[in-house]
Each structure stands twice: as structure tokens, then as C-alpha cells.
Amino acid sequence: MKKIVAIGGGEIGRPGFPVETTQIDKEIMNLTGKKNPRLLFIPTASVDSELYYETVKKHFGENLGCKTDVLYLINKNLSKKEISKKVFGSDIIYVGGGNTLNMMKVWRKNDVDKILKQAYEKGIVLSGLSAGSICWFKYGSSDSRKSINPKADLIKVSGLGLINALHCPHYDFEKDRKPDLKKMTRKTSGIAIAIDNCCAIEIIDDKYKIICSKSSANAYRVYWKANKYYEEVIKKEKEFKLLKDLLTK
């Protein structure tokens, strides 16, 4: 089975912040069918932040029982064989937040995009938040330019295309997300999936459901049709629904 859990955002316990996504993270683990799954953290978007990995080790390792490892692509010059061994030796891929545009450039340079698509076909659980959720979609609404210019607009970044939609994370958390997505979807065909912090879309093969670690958090279908703008809350249901119905206007 092919499995993706794309999380809109939330904290996992970095210094000075609470843990907000535990319920979602446990579901990611459950998808492996293992009590102590092997989780590979990819912090490319945060420029291989070692502090970020320390947070991941504490949350997923010490608290939840995963066997954690990390794939550094910027600070280490790994061969394609070494990268593949780490990726294919894991049960879960967890991609951290940060600069999506830079991350995708590094991935493509190192063939990590192709390796992750192979991992998807092998049934390894693909997951992550923010940049780590955008990457699984065809496109994402990204604040990657703000690292250079804080006043820069959000931009559309190309992801791996495993989910045929535009994705907007942090929908409830960052004030420019909603108005920008309205403009971005005007110029982008198809559906956008917007996700609040502490909410995620779980996709298994051709079906999906919405899961959350905070009851007020939601995911939305966003699109233009006949010159009218729609923003529809996606129902949280126990049963999985057909993904094609979600992605069709």
C-alpha cells in the first residue's frame, strides 16, 4: 500500500514550545504496523538543522518509541547508493519544515526526488509538516522567498506530484495564507488542499481521510469554478473516502 500523511503544521516540542501533533504522529506510526518503526528524518528545508533532529529524536524516539535516523544532504556529501540505503531501510520518512524551494533544489540535485518516489511505491510511509507536507503534492504555496525578503509574496513551488493538487499549509496560523491562496488558485487549474496546523490528510492508495490533534483544526477544498471562489471544509470521518472525488471540481 502507498501511504502519505501530510500535516499542515504544528509543534513537536522544540525548545520553548509544546508538542501539538502527537495524535497525528501516532497514526503515522500505526501505518507501519510496527511498535518501534524506523523513522528517517530529512531536515533539508531547515538547512540540515541538528537542533531540529534533536527535537525529532526526543519526540519520536524517546517519547513515541521510534528508532530514529537522519539524512543530511547539505552538510554531508552522500552518494546516491548511501541515500537509497537510508531511505529504503526506513519504515517512515518524516520531512521537516523550512524553505521548500531550496529543499526541492537540493533533492533534485541529489536524485532524492526519484528515490522518495520509489519509497512511495515500496509502501514506506511518507510524512511531514509544512515544507514536509508541500513536497508530496504537485504544487505548494510556499514562503520560501521570505527568508531573503520578509515582505515577499508567497510563491508556487513544484513538489513530487504524488498528490495531484496545490497544497497550502498553516492555513489558520499565518494571516497571508488565505488571501494568497485565493489569488494562487485563480491561476492554477484543479483543486487546492489547505490544511490548518494540527490537522493532516492521510492518504492510503486512492483513498483519504482527515485526521487532527486539535478538534478545531480543519482541512479545506479550495477552488474557482465559473468565476466563483469556493472554500469547503473537508468532513472528518472515520471511513476513508475516494481521493478522486476530493480532487474533482
Side-chain angles (χ1 to χ4, degrees), residues 4-11 20-21 24 42-47 94-108 113 116 126-203 208 210-212 214 216-225 227-234 243 246-249:
I4 297 175
V5 180
I7 310 163
E11 297 291 343
E20 297 180 318
T21 60
I24 297 168
I42 306 182
T44 318
S46 61
V47 201
Y94 186 91
V95 180
N99 190 310
T100 311
L101 182 63
N102 289 350
M103 176 181 77
M104 295 308 302
K105 286 178 180 176
V106 172
W107 282 9
R108 290 182 177 116
D113 55 335
L116 289 174
L126 305 182
S127 64
L129 51 75
S130 192
S133 61
I134 288 174
C135 61
W136 314 122
F137 287 78
K138 186 175 182 180
Y139 303 113
S141 169
S142 169
D143 61 1
S144 296
R145 296 284 188 211
K146 289 184 182 292
S147 60
I148 299 169
N149 175 13
K151 294 182 180 179
D153 291 336
L154 299 178
I155 58 170
K156 187 167 74 174
V157 175
S158 294
L160 298 182
L162 300 177
I163 307 167
N164 188 27
L166 169 67
H167 169 50
C168 176
H170 307 299
Y171 198 55
D172 64 330
F173 193 69
E174 298 175 355
K175 63 181 181 180
D176 53 350
R177 292 285 177 176
K178 290 191 178 188
D180 188 84
L181 188 62
K182 188 174 182 178
K183 288 188 287 184
M184 198 175 285
T185 48
R186 186 72 133 159
K187 303 171 186 175
T188 308
S189 61
I191 299 289
I193 303 298
I195 306 180
D196 291 342
N197 279 17
C198 302
C199 186
I201 184 167
E202 176 182 345
I203 299 173
Y208 79 93
I210 303 302
I211 57 176
C212 61
K214 186 172 73 174
S216 60
N218 289 298
Y220 306 81
R221 246 168 60 101
V222 177
Y223 59 97
W224 287 86
K225 188 174 182 179
N227 219 31
K228 187 178 178 182
Y229 184 65
Y230 294 85
E231 180 193 82
E232 303 166 348
V233 175
I234 304 170
L243 185 62
L246 182 68
L247 302 182
T248 304
K249 291 185 183 179

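For the single chain, residues carry numbers from 1 onward in sequence order.
Put simply, the side chain of W136 reaches to within 4.5 Å of the side chain of L116, judged on heavy atoms. Contact annotation: the side chain of I195 never approaches that of P169 to less than 4.5 Å [non-hydrogen atoms, C-beta and beyond]. Contact annotation: the side chain of S144 approaches that of I155 to within less than 4.5 Å [non-hydrogen atoms, C-beta and beyond]. Residues M104 and S158 form no side-chain contact, since every pair of their non-hydrogen atoms from C-beta on lies 4.5 Å or further apart. Taking 4.5 Å as the limit, every side-chain heavy atom of K138 sits out of range of all side-chain heavy atoms of L166. At a threshold of 4.5 Å between non-hydrogen side-chain atoms, the residues R186 and Y229 do not count as touching. For the pair C135/T100, no side-chain contact is recorded, criterion being any heavy-atom separation below 4.5 Å from C-beta on. Counting heavy atoms from C-beta on, the side chains of I163 and Y208 never come closer than 4.5 Å.
Residues W224 and K182 share a closest heavy-atom pair of NE1-O, 3.0 Å. Closest heavy-atom contact between V157 and S142: CG2-CB, 3.5 Å. Taking each heavy atom of D180 and S141 in turn, the nearest pair found is OD2-OG, 3.8 Å. Nearest heavy atoms, G96 versus A131: O-CB, 3.8 Å.
Annotation: the span from Y220 atom OH to I193 atom CD1 amounts to 12.5 Å, rounded to 0.5 Å. Put simply, OG on S127 and CD1 on I24 are 10.5 Å apart, with the number rounded to the nearest 0.5 Å. Put simply, OG on S133 and CD1 on I4 are 11.0 Å apart, with the number rounded to the nearest 0.5 Å. To the nearest 0.5 Å, atoms CD1 (I210) and CD1 (I201) are separated by 4.5 Å. Here the SG-CD1 distance, from C199 to I7, works out to 10.0 Å after rounding to the nearest 0.5 Å. Atom CZ of residue R108 and atom CE of residue M103 lie 9.0 Å apart, to the nearest 0.5 angstrom.
A side chain to side chain contact (heavy atoms under 4.5 Å, CB included) with L126 is found for one member of V5, I203, L162, L160 and no other, namely L162. Each of E20, E174, H170 was checked for a side chain to side chain donor-acceptor pair (under 3.5 Å) with N197, and the lone residue meeting it is H170.
Under the 3.5 Å distance criterion, the side-chain polar atoms of N99 are left unmatched by any main-chain donor or acceptor of A45. With hydrogens and angles ignored, the 3.5 Å screen pairs no side-chain donor or acceptor of R221 with any backbone N or O of A192.
By the 30° and 60° cut-offs, the orientation of the rings of H167 relative to F137 is parallel. A parallel orientation is assigned to the rings of Y223 and Y230, their planes being inclined by less than 30° (bins at 30° and 60°).
Atom NZ of K156 is surrounded by more than 12 heavy atoms from other residues, nucleotides or ligands within 6.0 Å.
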Worksheet item: Between T21 and E11, does a side chain to side chain contact (heavy atoms under 4.5 Å, CB included) hold up when you go through it step by step?
Response: CA-CA 7 Å; T21 60; E11 297 291 343; over 6 Å; no
Item to complete: Show your working on side chain to side chain contact (heavy atoms under 4.5 Å, CB included) between D143 and R177 and close with a plain yes or no.
Response: CA-CA 9 Å; D143 61 1; R177 292 285 177 176; 3.8 Å; yes
